[in-house]
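Structure record follows, encoded as structure tokens.
Each chain gets a letter, A, B and so on, in the order its sequence line appears, and its residues count up from 1. Since we're looking at a predicted model, the values are computed, not measured.
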Number of protein chains: 4
Amino acid sequence: MARGINKVILVGNLGNDPETKYTQGGMAVTKASLATTSVRKDREGNTQERTEWHRVTFFGKLGEIAAEYLRKGSQVYVEGSIRYDKYTGQDGVEKYTTDIIADEMQMLGGRAEGGAPKREFGGGGESRQSRPAQPQGGAPRREAAPAKSNDFGTDFADDDIPF
Amino acid sequence: MARGINKVILVGNLGNDPETKYTQGGMAVTKASLATTSVRKDREGNTQERTEWHRVTFFGKLGEIAAEYLRKGSQVYVEGSIRYDKYTGQDGVEKYTTDIIADEMQMLGGRAEGGAPKREFGGGGESRQSRPAQPQGGAPRREAAPAKSNDFGTDFADDDIPF
Amino acid sequence: MARGINKVILVGNLGNDPETKYTQGGMAVTKASLATTSVRKDREGNTQERTEWHRVTFFGKLGEIAAEYLRKGSQVYVEGSIRYDKYTGQDGVEKYTTDIIADEMQMLGGRAEGGAPKREFGGGGESRQSRPAQPQGGAPRREAAPAKSNDFGTDFADDDIPF
Amino acid sequence: MARGINKVILVGNLGNDPETKYTQGGMAVTKASLATTSVRKDREGNTQERTEWHRVTFFGKLGEIAAEYLRKGSQVYVEGSIRYDKYTGQDGVEKYTTDIIADEMQMLGGRAEGGAPKREFGGGGESRQSRPAQPQGGAPRREAAPAKSNDFGTDFADDDIPF
DNA sequence: TTTT
DNA sequence: TTTT
């Protein structure tokens with residue numbers, strides 16, 4: 001039971017290639033920085049620009065997808081929640097961190113740095129078969145797979161959905 | 001793989017008690033109308049008010065929870081997607097419907113019409129233990145249970161999450 | 001005073017070039033259809049795909065921006081609200097429509113049909129000066145201008161914001 | 001022109017009475033902490049609960065409304081964006097803060113600590129007329145006023161909207 | 001650190 | 001009607 005809603009929706013570009021680690025249980029934990037920039041006019045009419053750098057974390061299957069498809073520069077839609085943490089650094093000082101825990105991701109148009117032009121994305125299913133088993137350096141090769149195992153959320157394993 | 005985002009977030013009050021049917025496979029399909037009202041000033045400075053009535057559908061476990069806890073007047077948060085359908089009526093005319101397919105729901109403060117005050121809101125766990133095992137007619141008796149089986153979205157069956 | 005929240009977030013591609021009309025007061029009203037597709041596996045493991053076509057309406061300055069920058073095929077982020085309307089057709093039959101009233105829009109990567117590659121977007125400010133007064137057929141020429149007059153929402157005409 | 005989307009949607013309860021300061025220009029800056037709690041089952045089937053405390057900042061007119069209507073315990077919907085800041089403390093150590101900059105707020109059912117029941121929720125307009133002209137200490141007395149000056153977002157000062 |  |  002959740003008491004409250006903690007929802008974040010981001011659209012931006014990655015500032016770095018995602019970095020992936022694995023837990024002892026073998027779960028992928030992928031992290032990347034995502035920039036969102038807003039612009040406003042100040043009183044003198046000058047354009048004021050400000051960029052927020054969000055630390056986004058992708059767990060599990062989503063972490064594997066992010067590792068495989070996202071690269072520095074990728075434009076991406078991320079939906080998730082905010083998580084605040086506190087820890088004591090080696091210098092004995094308390095530090096605070098804020099992370100966006102992604103629970104949905106979708107790659108958007110555009111291309112990663114050094115990547116292939118967008119029409120290379122979405123190649124036929126055959127490229128999907130021929131993909132390397134392990135993500136490697138270089139540009140992403142095709143469009144992102146689903147961010148969630150089930151786009152309909154609830155218990156749609158039951159297939160007698162009336163539509 | 002989803003291609004696109006179709007997300008709706010509603011906060012409003014139900015205009016009727018939810019109605020539940022079951023599919024042949026035994027899945028609950030609960031429907032209710034939810035009102036959201038917006039207000040603006042027109043050019044003459046008069047307040048113009050407008051209410052949208054959203055047809056919300058809850059499937060599966062969420063449908064059972066909605067049936068148990070929601071009543072006419074309930075204030076509720078709903079997250080879902082928009083679904084457009086077309087069918088031919090008995091008069092041979094094509095009809096169009098729009099539904100909000102909920103994939104998350106959360107009851108908010110306030111009380112259903114004729115319902116008991118939500119004094120157990122935030123109260124101790126004891127009232128939670130004394131709830132009847134089966135939903136019965138009348139007002140909802142306790143806070144909404146989870147809208148999703150897993151608030152963390154991904155594959156957190158794996159318990160070695162590093163937090 | 002709004003009573004309730006009625007919020008829609010869409011990311012998808014336009015199925016047609018936007019169409020713009022003007023009110024007697026000179027306000028632009030631009031409409032376009034936006035597709036979002038979701039995919040799920042049915043019980044037999046077959047991929048089931050479903051596309052929703054959202055009718056999106058952009059008013060005022062946003063309508064002018066949409067008319068200038070969006071084209072068939074454009075990938076776009078839209079934030080707005082749902083509006084249900086009812087009218088009586090010339091055949092005397094009541095009809096129902098559902099529209100998404102946009103209040104924020106942002107062009108995403110990718111390109112419109114027949115359009116130039118994305119790096120043509122974002123041309124310098126000079127192209128902004130030389131743009132035709134009226135949108136014409138063909139590809140959009142630069143990245144979308146702001147969807148809202150003020151990205152900070154509140155009364156930031158006051159410039160003594162402490163950041 | 002914004003480049004990216006940075007959107008946060010929160011529903012939760014305030015952990016403290018809001019605190020308001022004014023800029024030299026006279027703009028209200030109101031801050032409060034808002035809790036959202038999520039729950040999940042761990043591998044042993046134990047319920048794991050976790051609360052995030054969001055620091056929410058309301059500027060301008062919204063800051064005045066928040067100061068007048070919100071109290072410790074208030075249940076509230078907040079929409080805004082995430083803002084990360086860095087500063088050097090008096091101890092010479094760099095500190096990082098994360099704030100949610102609200103651009104829309106709506107009070108939800110429920111009541112503030114020590115406050116009166118929200119029985120006027122949905123009640124007649126008369127209690128609305130009898131409200132004190134100036135906010136005073138104690139519990140909020142009526143439903144939240146609008147979070148935004150204009151619920152329709154765009155340039156609806158122009159009143160020839162075709163609906 | 002991204003992007004335009 | 002889009003997109004992949």
Figure out the NE2/P separation between A/His54 and E/dT2, and round it to whole Å. 16 Å
Check residues 28-35 of chain A and write down every donor-acceptor pair under 3.5 Å in which the side-chain atom is one partner and the other belongs to a residue at least two apart or another chain.
unit_1, atom_1, unit_2, atom_2, d
A/Thr30, OG1, A/Thr20, OG1, 2.8
A/Thr30, OG1, A/Gly63, O, 2.7
A/Lys31, NZ, A/Thr57, OG1, 3.1

Using whole Å, report how far CZ of B/Arg3 lies from C1' of F/dT3. 6 Å
Could you work out which one of E/dT1, F/dT3, F/dT1 sits closest to the side chain of A/Ser33? E/dT1
Atom CG of A/Leu108 to atom C1' of E/dT2: distance rounded to whole Å? 14 Å
For A/Arg50 and E/dT3, give me the distance from atom CZ to atom P, rounded to whole Å. 20 Å
Quickly work out the D/Lys86 NZ to E/dT1 C1' distance and round it to whole Å. 13 Å
Per-pair stack call C/Trp53 and F/dT2, 5.5 Å, 30°: no
Per A/Thr37 side chain, nearest of listed nucleotides F/dT2, E/dT1, E/dT2: E/dT2
Length of the line joining C/Leu34:CG and F/dT1:P, which is rounded to integer Å: 16 Å
Write down the distance between CD (C/Glu49) and P (F/dT2), rounded to a whole number of angstrom. 13 Å
Verify whether one side chain among B/Thr88 and B/Lys95 offers a donor that lies under 3.5 Å from an acceptor in the other. no
Rounding to a whole Å, what distance do you find between C/Leu10:CG and F/dT1:P? 20 Å
May I ask you to check whether A/Gln48 and A/Asp42 show a side-chain donor-acceptor distance below 3.5 Å? yes
Counting N and O atoms only, with roles assigned by atom type, does the side chain of B/Asn6 sit under 3.5 Å from a partner on the main chain of C/Thr36, one being a donor and the other an acceptor? no
Over all strands shown, is C/Thr51 touching base, sugar-phosphate only, or nothing at heavy-atom distances under 4.0 angstrom? base
